[in-house]
Amino acid sequence: GRYVLLRIARDVAAGAGDVQTALGAIDEMARLYNVEAMPMKVEVLTTAAKSVNLPIQREAVVEETMLLIGAAVARDDYETAERLGRVASGVARRVRNASLAKTVVTLNRDVLKVRTAYEAAKKALAVLEANPADPAANLTAGKFYCLVKDDWEKGIPMLALGSDAKLAKL
């Protein structure tokens, strides 16, 4: 019964453009039940984007969407990040807030850059699955994690095993 009530709360809130309540219901569902929150959050933001009318609601949709884009990029889920980027762009244009629209454009550009870098590093990551000590693959993956994703904790050990002697020494 609780799951059904949370689902109803999610759907009603999304339809009314109350993204905070809808996302809160999803977070509670994910905490209590074995459900994947990301697809539900994407659907809620997509639904809310179509139904919001007030500028404050539109800004809330854009802000929550930008946060979720960051979460998708952290998971290397670039298709979701780009889908959310399109949602954020569409709503940001209707907000008539130039600063917010510019932020969304910049974020979408950054997502594309990270995705492109990920595609280049994907081969190296696959090599590391089979051979974790491969120097060239460690260098490529380490640069990706440190310089692109800003995940130094994950990237530094890879750079230490990498083929660049100067970086390995540092």
Within the distance-only criterion (no hydrogens, no angle test), does the side chain of [X] pair as donor or acceptor with the backbone N or O of [Y] below 3.5 angstrom?
| X | Y | result |
| --- | --- | --- |
| Arg96 | Pro55 | no |
| Ser51 | Gly15 | yes |
| Asn138 | Asp134 | yes |
| Thr65 | Gly85 | no |

Could you measure the distance from the [atom1] atom of [X] to the [atom2] atom of [Y]? Nearest 0.5 Å is fine.
| X | Y | atom1 | atom2 | value |
| --- | --- | --- | --- | --- |
| Leu23 | Leu68 | CG | CG | 7.5 Å |
| Leu107 | Leu112 | CG | CG | 11.5 Å |
| Ile26 | Met38 | CD1 | CE | 11.0 Å |
| Leu159 | Leu139 | CG | CG | 6.5 Å |
| Arg86 | Thr46 | CZ | OG1 | 9.5 Å |
| Leu147 | Trp152 | CG | CH2 | 5.0 Å |

Not counting sequence neighbours, list each pair that qualifies as a salt bridge (charged side-chain N to carboxylate O under 4.0 Å, His left out) and has a residue in [range].
| range | result |
| --- | --- |
| residues 58-75 | Glu36-Arg75 |
| residues 1-21 | none |
| residues 37-52 | Asp27-Lys41, Glu43-Arg83 |
| residues 137-156 | Asp76-Lys149 |

Quiz item: Can you find a pair of side-chain heavy atoms, one from Ile156 and one from Cys146, that are under 4.5 Å apart?
Solution: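 Yes, at least one pair of side-chain atoms sits under 4.5 Å.
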
Quiz prompt | Side-chain touch Tyr3/Val35, heavy atoms, less than 4.5 angstrom | solution =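 Tyr3 reaches Val35 side chain to side chain.
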
Quiz item: Asn108 and Lys113: side-chain contact (heavy atoms from CB on, under 4.5 Å), yes or no, with the steps?
Solution: CA-CA 9 Å; Asn108 285 336; Lys113 288 178 185 175; over 6 Å; no

Practice problem: Tell me, please, which residues at least two apart from Glu82 pass side chain to side chain donor-acceptor pair (under 3.5 Å). | Solution: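 Expected list: Arg115.
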
Quiz item: Partners of Lys122 by side chain to side chain donor-acceptor pair (under 3.5 Å), sequence neighbours excluded?
Solution: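 Side chain to side chain donor-acceptor pair (under 3.5 Å) list for Lys122, sorted by chain: Glu119.
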
Practice problem: Mark yes when over 12 heavy atoms from residues, nucleotides or ligands other than Leu170 sit less than 6.0 Å from its CG; otherwise mark no. | Solution: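 Yes, the 6.0 Å shell around CG holds more than 12 heavy atoms from other groups.
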
